[in-house]
Amino acid sequence: MLTENQIVEIETEVQLAATAHLNAKDAETALSHFTDDVVAVSNTTLFSSRESLATDIHDYYKILKEVNHAAWEDVHVHVISERAATFTARFRYGFTSIDEETVNLRGVWTALFELDQDAWRIRLRHESFEQL
């Protein structure tokens, strides 16, 4: 059984890991936040391997010029065990592409984080977003 202090510590660590992922400035940093066997869903696209997700992430960072804003709202962290926790939140995210298009997104994001080699990494991720 986890103590209240352990739960708070895990909640804090998972929120920091999720925020580091949200604020990643390049593909390799973003990819470092996932386990090797990650499965992810983005709107209607299923990425059933790390390789397929990596292709999508690399494609995104190729068009990224600048992140204008990135924020979590209505955050919920649920500690499952000393090595697993879920993170669910609404997000707002805006960026400028290399062709100077400004894109603003909002949506919901859920991830199962697992303590992997002393770092909290994403094993499962789901995001649903809409372009504003």
Side-chain angles (χ1 to χ4, degrees):
M1 190 82 172
L2 294 171
T3 68
E4 186 62 35
N5 285 345
Q6 288 172 309
I7 291 170
V8 169
E9 182 179 328
I10 292 169
E11 289 171 342
T12 300
E13 289 174 4
V14 167
Q15 187 157 353
L16 288 171
T19 300
H21 178 67
L22 180 67
N23 291 319
K25 302 291 188 220
D26 60 79
E28 293 312 312
T29 301
L31 285 167
S32 73
H33 298 127
F34 293 100
T35 62
D36 290 340
D37 58 349
V38 63
V39 174
V41 176
S42 182
N43 278 2
T44 61
T45 304
L46 171 64
F47 302 100
S48 58
S49 70
R50 191 172 201 280
E51 292 75 27
S52 63
L53 180 61
T55 298
D56 185 67
I57 288 172
H58 279 282
D59 288 347
Y60 165 71
Y61 282 100
K62 285 178 188 172
I63 68 157
L64 176 67
K65 177 180 177 185
E66 179 180 14
V67 174
N68 303 325
H69 63 274
W72 296 123
E73 300 170 348
D74 195 18
V75 172
H76 301 273
V77 179
H78 176 73
V79 177
I80 299 167
S81 73
E82 63 188 24
R83 301 191 61 79
T86 60
F87 177 95
T88 303
R90 298 177 200 273
F91 66 86
R92 292 194 178 275
Y93 187 84
F95 68 93
T96 302
S97 67
I98 57 173
D99 65 358
E100 299 300 327
E101 179 185 3
T102 300
V103 178
N104 289 299
L105 304 167
R106 69 177 177 200
V108 294
W109 196 85
T110 298
L112 171 64
F113 279 83
E114 177 180 86
L115 190 57
D116 178 42
Q117 301 174 14
D118 297 325
W120 288 95
R121 295 197 197 322
I122 302 162
R123 176 175 291 273
L124 298 168
R125 184 204 72 191
H126 174 267
E127 63 184 1
S128 295
F129 56 91
E130 61 181 275
Q131 190 168 338
L132 300 178

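Scanning both residues, Ser48 and Val39, for their nearest heavy atoms gives O-CG2, 4.3 Å. Across Lys62 and Ile98, no two heavy atoms sit closer than the pair O-CD1, 3.7 Å. Counting all heavy atoms, side chain and backbone alike, Leu31 lies closest to Ala54 at CD2-CA, 3.7 Å. Between Ala71 and Leu22, the closest heavy-atom pair is N-CD2, 3.7 Å. Here the closest heavy-atom approach between residue Leu2 and residue Ser81 is recorded as CD1-C, 3.8 Å. What you find for Leu64 and Phe95 is that their closest heavy atoms are CD1-CB, 3.6 Å.
For the atom pair CZ of Phe113 and CZ of Arg123, the computed distance is 13.0 Å after rounding to the nearest 0.5 Å. Leu112 contributes atom CG, which lies 13.5 Å from atom CZ of Arg125 (distance to the nearest 0.5 angstrom). In this structure, the separation between CD1 on Ile57 and CG on Leu53 is 4.0 Å, given to the nearest 0.5 Å. Atom OG1 of Thr45 is separated from atom CD of Glu127 by 9.5 Å, given to the nearest 0.5 angstrom. Rounding to the nearest 0.5 angstrom, the gap separating the NE2 atom in His21 from the CG atom in Leu16 is 14.5 Å. From Glu114, atom CD reaches atom CD1 of Ile80 across 10.0 Å, with rounding to the nearest 0.5 Å.
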Quiz: residues 7-15 side-chain donor-acceptor pairs under 3.5 angstrom, not counting sequence neighbours:
from  : atom 1 : to     : atom 2 : distance (Å)
Thr12 : OG1    : Val8   : O      : 2.9
Glu13 : OE1    : Trp120 : NE1    : 2.8

Open item on the list: For Glu130 and Arg106: C-alpha separation, side-chain torsions, deciding distance, then whether side-chain contact (heavy atoms from CB on, under 4.5 Å) applies.
Closed with: CA-CA 6 Å; Glu130 61 181 275; Arg106 69 177 177 200; 3.4 Å; yes
Report task. Just do the side-chain contact (heavy atoms from CB on, under 4.5 Å) check on Asn68 and Thr96 with the steps written out, would you? Result -> CA-CA 7 Å; Asn68 303 325; Thr96 302; 3.0 Å; yes
Are Thr3 and Asn5 close enough, and set up right, to give a side chain to side chain donor-acceptor pair (under 3.5 Å), and what steps lead you there?
-> CA-CA 5 Å; Thr3 68; Asn5 285 345; 5.4 Å; no
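At least one side-chain heavy atom of Glu100 sits under 4.5 Å from a side-chain heavy atom of Lys65. The shortest side-chain heavy-atom distance between Val108 and Arg90 falls under the 4.5 Å cut-off.
Side chain of Arg83 to backbone of Leu115: a donor-acceptor contact under 3.5 angstrom is found. Side-chain atoms of Ser49 come within 3.5 Å of backbone atoms of Ser52 as a donor-acceptor pair (strictly under, hydrogens ignored). At least one donor-acceptor pair under 3.5 Å links the side chain of Asn43 to the backbone N or O of Phe129. Not a single donor-acceptor pair under 3.5 Å links the side chain of Arg92 to the backbone N or O of Asn104. With hydrogens and angles disregarded, a donor-acceptor distance shorter than 3.5 Å links the side chain of Ser32 to the backbone of Thr29.
Tracing side-chain contacts under 4.5 Å through hydrophobic residues (I, L, V, M, F, W, Y), one never reaches Leu124 starting from Val77; they form parts of separate clusters. Cluster membership check: Val103 shares its hydrophobic cluster with Tyr61, using side-chain heavy-atom separations under 4.5 Å among Ile, Leu, Val, Met, Phe, Trp and Tyr. Taken together through direct or relayed side-chain contacts under 4.5 Å among Ile, Leu, Val, Met, Phe, Trp and Tyr, Ile63 and Leu105 form part of one hydrophobic cluster. Taking hydrophobic clusters as Ile, Leu, Val, Met, Phe, Trp and Tyr residues chained together by side-chain heavy-atom distances below 4.5 Å, Phe91 shares a cluster with Val67.
Aromatic ring centroids of Phe47 and Phe34 lie 6.0 Å or more apart.
Evaluation of the ring-ring contact (aromatic ring centres under 6.0 Å, His included) test over residues 64-89, restricted to residues two or more places apart or in two chains, returns Trp72-Phe87, Trp72-Trp109, Phe87-Trp109.
Applying the 6.0 Å contact sphere to CD of Gln6 captures more than 12 heavy atoms from other residues, nucleotides or ligands.
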